[in-house]
Amino acid sequence: MVRVYVKEHRKEVRRQAGVGPDAMFVPQTHLPGAEAEVDFGDVHVVLAGKMTKVYLFSMRLSYSGKAAHRVFASCGQEAFFEGHVHAFRLLGGIPRGRIRYDNLRAAGERGLGLSRARVENDRWTAFRSHWGVNACYCRPGIEGAHEKGGVEGQIGYYRRNHFVPSPRSPR
């Protein structure tokens, strides 16, 4: 009985004593079609007989978990834009809320301190305006590591299930 009581009340007692956690986490909830997460992950393929590092673009809808993927030779701005267009077509439209990004060089030239604010480059601003994308940038560092967990996990899942063993190019 004592163990059960302690387990149920330990966090509250620690918080009252001033030794509890400094930050609280609120579970994320999402409306259908409202939010998505975007990221690049590196994968390896055998291309012309040689192991080659390529980049997997991934966009994942936050509510349903449905995702679109495409492999590119680089994670440059052209691949970033093409990945978005492919995902919008495959997923049936553009999320009407926001799309979460981390510190991708293709979207922003640099962050402003430790905030979510970014100095966006002109081509990305024009692309966002044309497609009606509402960008949300994650906090830099460990504070923002949990904000795009869905797409990070999706890239790992896709890598483990579609790139093992490494795909080979057709001869």
Side-chain angles (χ1 to χ4, degrees), residues 23 25-45 47 51-167:
F25 296 96
V26 178
Q28 295 183 15
T29 58
H30 308 282
L31 296 173
E35 290 189 18
E37 302 169 351
V38 168
D39 205 2
F40 274 105
D42 57 315
V43 294
H44 291 83
V45 299
L47 190 61
M51 187 65 77
T52 307
K53 180 177 172 180
V54 294
Y55 300 90
L56 176 69
F57 174 90
S58 183
M59 178 182 285
R60 178 184 181 274
L61 296 176
S62 299
Y63 176 79
S64 67
K66 186 175 180 182
H69 304 90
R70 182 157 276 188
V71 174
F72 295 99
S74 77
C75 53
Q77 198 170 54
E78 295 81 10
F80 187 61
F81 293 166
E82 186 178 329
H84 275 79
V85 173
H86 167 73
F88 296 156
R89 289 189 180 129
L90 185 68
L91 298 174
I94 301 161
R96 61 183 184 273
R98 60 186 176 183
I99 300 178
R100 294 179 185 267
Y101 301 95
D102 55 10
N103 298 316
L104 294 170
R105 178 82 79 191
E109 294 178 2
R110 60 179 158 59
L112 297 175
L114 296 176
S115 71
R116 295 179 188 275
R118 299 287 181 272
V119 175
E120 294 181 343
N121 59 53
D122 294 337
R123 290 183 66 199
W124 170 239
T125 302
F127 181 88
R128 264 190 344 94
S129 299
H130 173 76
W131 287 93
V133 170
N134 181 10
C136 173
Y137 300 103
C138 297
R139 289 180 294 176
I142 193 70
E143 292 84 20
H146 66 282
E147 294 184 27
K148 292 189 322 59
V151 75
E152 301 284 353
Q154 183 73 39
I155 289 172
Y157 173 85
Y158 206 82
R159 182 185 294 130
R160 288 186 303 274
N161 289 279
H162 297 283
F163 288 92
V164 176
S166 295

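Remember, it's a predicted structure, so these values are computed and weren't measured experimentally. Computed from heavy atoms alone, side chains included, the values below leave out hydrogens, waters and symmetry copies.
With sequence neighbours excluded, no residue forms a side chain to side chain contact (heavy atoms under 4.5 Å, CB included) with Arg96. With sequence neighbours left out, the side chain to side chain contact (heavy atoms under 4.5 Å, CB included) criterion links Glu82 to Arg70, Phe72. Qualifying salt bridge (Lys or Arg N to Asp or Glu O under 4.0 Å) partners for Arg128, counting only residues two or more places apart in sequence or in other chains: Glu120. Applying the side-chain hydrogen bond (donor to acceptor under 3.5 Å, both in side chains) rule to Arg123 yields the partners Gln77; only residues at least two apart in sequence or on another chain are considered.
Between Ile99 and Asn134, the closest side-chain pair of non-hydrogen atoms is not below 4.5 Å. Counting heavy atoms from C-beta outward, Phe127 and Asn121 have side chains that stay 4.5 Å or more apart.
For residues 85-94, the set of pairs meeting the salt bridge (Lys or Arg N to Asp or Glu O under 4.0 Å) definition, not counting sequence neighbours, is empty.
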Atom pairs and distances, side-chain donor-acceptor, residues 52-66, under 3.5 Å, sequence neighbours left out:
unit_1 : atom_1 : unit_2 : atom_2 : d
Thr52  : OG1    : Lys50  : O      : 3.0
Ser58  : OG     : His69  : NE2    : 3.3
Ser64  : OG     : Lys66  : N      : 3.1

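Nearest heavy-atom pair, Ser74 versus Phe40, reported as atom, atom and distance to 0.1 Å: O-CE2, 4.3 Å. Residues Ala67 and Leu90 approach most closely at O-CD2, 4.3 Å, considering heavy atoms.
Of the possible donor and acceptor atoms, one in the side chain of Arg160 sits under 3.5 Å from a partner among the backbone N and O of Gly156. The backbone N or O of Val133 sits nowhere less than 3.5 Å from a side-chain atom of Arg98 that would complete a donor-acceptor pair.
Between His84 and Tyr101, a ring centre-to-centre spacing shorter than 6.0 Å is recorded.
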ask   = Do Tyr158 and Val43 pass the side chain to side chain contact (heavy atoms under 4.5 Å, CB included) test, and can you show the C-alpha distance, the side-chain angles, and the key distance before you say yes or no?
value = CA-CA 10 Å; Tyr158 206 82; Val43 294; over 6 Å; no

